Peer 1: 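So that we are looking at the same thing, I have put the structure below in structure tokens.
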Number of protein chains: 2
Amino acid sequence: MSQGRPTLADVASAAGVSVSTASLAFSGAGPIATETRAKVHEAAQRLGYAGPNPLGRSLRSGRSGIVGVVIGDQLRRSFRDPVSVQVLDGLVSTLGPLGLGVLLIPALDPDRDPTESAELDPLLASAPMDVAVLIWGARREDATLEALQRRGVPVVIGEGPEIEGAAVVGIADQQGTADLARYLTGLGHTRIATVTLPLCHPRQTGIPTPDRLARLDWAPARHRLQGLADAGVEPTVIVEASASLVEDGRAAGHLVLDVPEPPTAVIAQSDLLAAGVLLAARELGLRVPEDVSVAGFDGLDLPWLSPDVLTTVAQPLSAKGEAIGHAVAQVLAGEVPPPVRLDVELRVGTTTGPPRT
Amino acid sequence: MSQGRPTLADVASAAGVSVSTASLAFSGAGPIATETRAKVHEAAQRLGYAGPNPLGRSLRSGRSGIVGVVIGDQLRRSFRDPVSVQVLDGLVSTLGPLGLGVLLIPALDPDRDPTESAELDPLLASAPMDVAVLIWGARREDATLEALQRRGVPVVIGEGPEIEGAAVVGIADQQGTADLARYLTGLGHTRIATVTLPLCHPRQTGIPTPDRLARLDWAPARHRLQGLADAGVEPTVIVEASASLVEDGRAAGHLVLDVPEPPTAVIAQSDLLAAGVLLAARELGLRVPEDVSVAGFDGLDLPWLSPDVLTTVAQPLSAKGEAIGHAVAQVLAGEVPPPVRLDVELRVGTTTGPPRT
DNA sequence: CTGTTAGCGCCTTCAA
DNA sequence: TTGAAGGCGCTAACAG
């Protein structure tokens, strides 16, 4: 009929064929006479029918073609972090050709109590999605994860932890950090401080209490701290940042360096944090690496730090996004993706050197 | 039945009520006895039913709760531009409370011929969405826009142009640029160059041919060039950048400044481009603003340019995202949103001053 | 090769 | 306040 958008039935009757035939003309999933198909397409053209309504198709197939992606923070903050952006880019590039779209789902407010599931984004409970991706991992008691599992939405987790019934794509950050730590101790450093990514919810900035360290619940921070321990490094001080941003690193840097007996090296758990520490060092009149060595993690290209080039542990960011995309595809194909652990690589720049004795 | 996920019918029969009653128990859209509702919820709990399947609900209501957002470039590039990110953030914050989710749709490859609709992202044709947003405007002959309109998806356009049957949210960039130009001529500048955003498809870097200028098809670039004309400024040279990124600005800056008789002022159509021009000036040993004044557009916070503070025309980025979100809401409510034009503000920094005579 | 039939899961009249 | 019935638009069997 002429009210509302035309449906396949309208097209079929206009073309003088049955609905299922018209369906075939569009899906191509079956034998159909070229002439019939032309007739149908012609009718469609005439009626302004632009193809099957995805809503009907979705209900029928049980698939929406949508992948929900939970980013680890407010958009504003996540997108300021090139790490998130590159992973997302790799993910979208992989999903696109598969006909899958990415639905952005803001994580719960990082400053709020995570147990209150009332704070969850309603999209988690009600948006159509075939698979969900938690780009920045899950926590032990994760209301987000629970909400998804309750709905029966399969989950792919970036960064870990390994959780019953969810695929994981991670990196060898523990080993990478250990390599970095050994490199620094090899240079002669003994007083090494570290600036960490957020440890657990709700987020906090500053020197974590023992209690907070015990609740350490976020995979990247845990792995990288563990890497230090593996290398036999006991940090002289641990400072937690509430986000992986330059200004947090800068604040942490002041906290770490502006003391009577500062460390001779600072390992930050991300490059943006390290960049902030570097800026803090410059502001305090400390020379890098003569007075203090600074190292990061991620392998970002940060030309604005010029002339310094950060010593870092490079992780394959786009590749991680792609690996997550592959895992999503496997889940949709009914397979159980094996855990993936991507390699990282120590990359020495100009910001580390032997300590002054 | 126990195969597959439980449906509302399963829950209803487990609770000993009819499907429609069970539906009421969840939607709350009708009178229902507290006791009955409890019974239904209890049955749902027991069966692991997490609420109505969005696919069924969508088909029934004709709404998916999804807003397709076409970003102006590859994700990787768009997300490196804080302008896009802030607009997107404002949009998501507005849409979230309305129960609407954002589906990312990569634009067509900016380096390819736009008339080939084969290059369009398949999501445009097949993803469920109630409204689409073209964050970075539409072109005259826009395959993306056409694909959406053919499907009957209402469109909200950021930045213009005003197009039949699509809502527009723009800014007063023409007037803002004119203000900026008048400020510079007021300082005594007569030789003013400009670095533009992309003018049309396919993207190119460098000095545009007259033909290309004639095909000028992208609203932000057009408005801002027009603003110069309004102020009576005829640029000594126009250089087009292929994206709003620092390195493009830097390349353009060399092109503009590394000549026998360089301009005394450069107006870039974005802050990132202006930042690049500034870096180029520094590299060429030119002092800013003594040797050359540099101005941008957007009003970004760029602390890494320190000690310089860019003279710029500030636009309300989050507010633009929010305004787009409101327009989306209006469209969904069946209203026709009036065109919106947000104000901008000239903000003088340290990078502009009188020309040396 | 084409038509008939039967739902996918839900919500909303309408009637009881 | 609850139940019965129909249909949103589509596709997959199955017949013919």
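Just so it is clear: chains get the letters A, B, ... in the order the sequence lines come, proteins before strands, and each one is counted from 1. The structure displayed is predicted, hence computed values, not measured ones.
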Peer 1: Side chain to side chain donor-acceptor pair (under 3.5 Å): which pairs involve residues 11-28 of chain B, sequence neighbours left out?
Peer 2: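 For residues 11-28 of chain B: B:S18-B:S20, B:S18-B:T21.
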
Peer 1: What residues, two or more places apart in sequence or in another chain, satisfy salt bridge (charged side-chain N to carboxylate O under 4.0 Å, His left out) together with B:D81?
Peer 2: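 Counting only residues at least two positions away or on another chain, B:D81 forms no salt bridge (charged side-chain N to carboxylate O under 4.0 Å, His left out).
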
Peer 1: Quick one: bend of the helix from C:dC1-D:dG16 to C:dA16-D:dT1 from 5 pairs per end, to 10°?
Peer 2: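 It comes to 40° between the two terminal axes.
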
Peer 1: Identify all side-chain donor-acceptor contacts of residues 324-337 of chain B below 3.5 Å with residues at least two apart in sequence or on another chain.
Peer 2:
none

Peer 1: Show your reasoning for whether side chain to side chain donor-acceptor pair (under 3.5 Å) applies to A:W136 and A:S84.
Peer 2: CA-CA 9 Å; A:W136 287 116; A:S84 293; 3.0 Å; yes

Peer 1: Give the residues of residues 54-68 of chain B touching DNA chain D, defined as any heavy atom closer than 4.0 Å, sorted by residue number.
Peer 2: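 Of all residues in residues 54-68 of chain B, the ones placing a heavy atom under 4.0 Å from DNA chain D are B:L59, B:R60.
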
Peer 1: With a 4.0 Å heavy-atom cut-off, tell me which residues in residues 15-41 of chain A come close to DNA chain C, sorted by residue number.
Peer 2: A:V17, A:S18, A:S20, A:T21, A:P31, A:I32, A:A33, A:T36

Peer 1: Filter on ring pair (Phe, Tyr, Trp, His ring centres under 6.0 Å), then keep only pairs touching residues 43-66 of chain B, sequence neighbours left out; what's left?
Peer 2: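 Non-adjacent pairs meeting ring pair (Phe, Tyr, Trp, His ring centres under 6.0 Å): B:F26-B:Y49.
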
Peer 1: Going by the side chain to side chain donor-acceptor pair (under 3.5 Å) test, which pairs reach into residues 60-69 of chain A, not counting sequence neighbours?
Peer 2: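 Residue pairs with at least one partner in residues 60-69 of chain A: A:S64-A:D130.
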
Peer 1: Going 5' to 3' along DNA chain C, which are the first and last nucleotides with any atom under 4.0 Å from a heavy atom of chain B?
Peer 2: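 Both ends considered, the range comes out as C:dG9 to C:dT12.
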
Peer 1: Determine all donor-acceptor pairs shorter than 3.5 Å in which one atom belongs to a side chain in residues 28-42 of chain A; sequence neighbours excluded.
Peer 2:
| residue | atom | partner | partner atom | Å |
| --- | --- | --- | --- | --- |
| A:H41 | ND1 | A:R37 | O | 3.4 |
| A:E42 | OE2 | A:R46 | NE | 3.2 |

Peer 1: Main chain of B:L124, side chain of B:R151: is a donor-acceptor contact present, judged purely on distance under 3.5 Å?
Peer 2: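 Looks like yes, one N/O pair under 3.5 Å.
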
Peer 1: Does anything in residues 154-168 of chain B pair up under side chain to side chain donor-acceptor pair (under 3.5 Å), and if so which pairs, sequence neighbours excluded?
Peer 2: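 Counting only pairs at least two positions apart or across chains, the side chain to side chain donor-acceptor pair (under 3.5 Å) contacts touching residues 154-168 of chain B are B:E159-B:K320.
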
Peer 1: Taking side chain to side chain donor-acceptor pair (under 3.5 Å) as the test, write out the residues that go with A:N53, two or more places apart.
Peer 2: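 Partners of A:N53 under the side chain to side chain donor-acceptor pair (under 3.5 Å) test: none.
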
